[in-house]
Number of protein chains: 2
Amino acid sequence: MPAPEDIPQIFQTTGRRLTSQRRLLLEVLTECHDHLDAETIYDLAKRRDPNISLATVYRTLKVLKAEGIVQERLLEPDGQKHHYEMAANAHYHFTCLECGQVIEFESALIEQACHELAERLKLDVAHARVNLDGHCADCTQLAPMSEDGP
Amino acid sequence: MPAPEDIPQIFQTTGRRLTSQRRLLLEVLTECHDHLDAETIYDLAKRRDPNISLATVYRTLKVLKAEGIVQERLLEPDGQKHHYEMAANAHYHFTCLECGQVIEFESALIEQACHELAERLKLDVAHARVNLDGHCADCTQLAPMSEDGP
DNA sequence: AATGCAATTGCAAATCATTTTCAATTAGGA
DNA sequence: TCCTAATTGAAAATGATTTGCAATTGCATT
């Protein structure tokens, strides 16, 4: 979770170049506090640089991920689409199966669960991807259950 | 998490047919206590029915998932491939980033975390997809850290 | 046991997200 | 400014999954 000012440093150190495209994508990711998929990031970026290509978006996301600047998530229960966001403190996601809304949350209990598992099985937990699904507060009263898709 | 005997019932009730292909795929999934991806399931099934098609595997997995007979998982950190297993008690997965081994585990703390969140945010948690990554006991001594892929 | 029809299948083509190839461009150190 | 390796855009390629369609097949009903 590097500070914005550190990013040029990070790039320099690894022999990577801070191109206008990469700067732009960092801007987009920083401004939007959402979990965007590559296509959406591409659309947002294209507004300011109509020449940017989707391939560059994917390539840049891969680089930013490798540098630990962004994190990649698989939010949807069966989704094939990856979502990206600036790296931040450990947090997890809840997706409402009804309205699709994604709620971010932190949880000391989940961190505790990771520690407990690490001790129990003598392994090292580097990262926890926790995605809960269900019905958000708004949708709970309307739809108590649901089993399959379209 | 239906018993094997209940499956014909489930199919009948929903107007679905228990074809030889579906029976075969249920066999494969039941015998193999692993988390198989569609291609692997296809390969295993083809040994006993060389005419079965990959499309049927995907279609059947979708049906079995809709009936709650199998569960679909996204095990790999950035993977695009889905994995399937017979539905069972709530459990979670740890993937070793070094050797790729998948370890199944249960965790009361994670269940507790879900309840806590549900209360805290007044929402309803239907399902928890928890995937931890890190280094398994065997790999821990060899490789303490790792940041990016190939 | 034969009948009818909707559910299901295999095949091939289509789709969707992501990656790669390659020639042209460019960042940034010498 | 010059050089070179890193990066880019465009298009084609890939990999996983889905779909259209004509042929097949469960299975409820005769």
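The analysis underlying the following values was restricted to heavy atoms, covering all of them including side chains, and did not include hydrogens, waters or symmetry mates. Convention: sequence-line order gives letters A, B, ...; per-chain numbering from 1.
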Can you check the Y42(A) OH to dA10(D) P distance for me, whole Å? 8 Å
Do any side-chain nitrogens or oxygens of Q21(B) fall under 4.0 Å of OP1 or OP2 in dG26(D)? no
Does OP1 or OP2 of dT7(D) have a side-chain N or O of R59(A) closer than 4.0 Å? no
Nearest whole Å is fine: how far is dT17(D) C1' from R73(B) CZ? 20 Å
How many Å lie between NZ on K65(B) and C1' on dT18(D), as a whole number? 13 Å
V102(A), L36(A): one ILVMFWY side-chain cluster at the under-4.5 Å cut-off? no
The side chain of S53(B) lies closest to which of these nucleotides: dC11(C), dT18(C), dC27(D)? dC11(C)
Among dG10(C), dG28(C), dA28(D), the nucleotide that comes nearest once only the side chain of I52(B) is considered: dG10(C)
According to a strict under-4.0 Å criterion, is Y58(A) in side-chain N/O contact with OP1 or OP2 of dT18(C)? yes
Tell me whether E27(B) is salt-bridged to R48(B), with the criterion being a basic N under 4.0 Å from an acidic carboxylate O. yes
Heavy-atom donor-acceptor pair, R129(B) side chain to L75(A) backbone, under 3.5 Å: yes
Take atom CZ of F11(A) and atom C1' of dA27(C), then tell me their distance rounded to the nearest Å. 13 Å
Rounded to the Å, how far apart are Q12(A) CD and dA30(C) P? 11 Å
Check: H35(A)/E104(A) side-chain N/O donor and acceptor closer than 3.5 Å: yes
Below 4.0 angstrom from OP1 or OP2 of dA5(D), is there any side-chain N or O of R17(A)? no
Short side-chain N/O contact to dT19(C) OP1/OP2 from Q80(B), under 4.0 Å: no
Among dT8(C), dT20(C), dA17(C), which nucleotide has an atom closest to any side-chain atom of K81(A)? dA17(C)
Can you check whether L18(A)'s main-chain N or O pairs, donor with acceptor, with R23(A)'s side chain at less than 3.5 Å? yes
Just how far, in rounded Å, is C1' of dT25(D) from CG of N51(B)? 14 Å
Gap between atoms CG and C1', on L54(B) and dG15(D) respectively (whole Å): 11 Å
Starting at atom CG of D49(B), determine the distance to atom C1' of dG10(C), rounded to an integer number of angstrom. 11 Å
dA6(D) phosphate, OP1 or OP2: any side-chain N/O from T19(A) under 4.0 angstrom? no
Below 4.0 Å: OP1/OP2 of dT25(D) and any side-chain N or O of S20(B): no
When E39(B) and T60(A) are each assigned the nearest nucleotide of DNA chain D, the 5'-most assignment goes to T60(A)
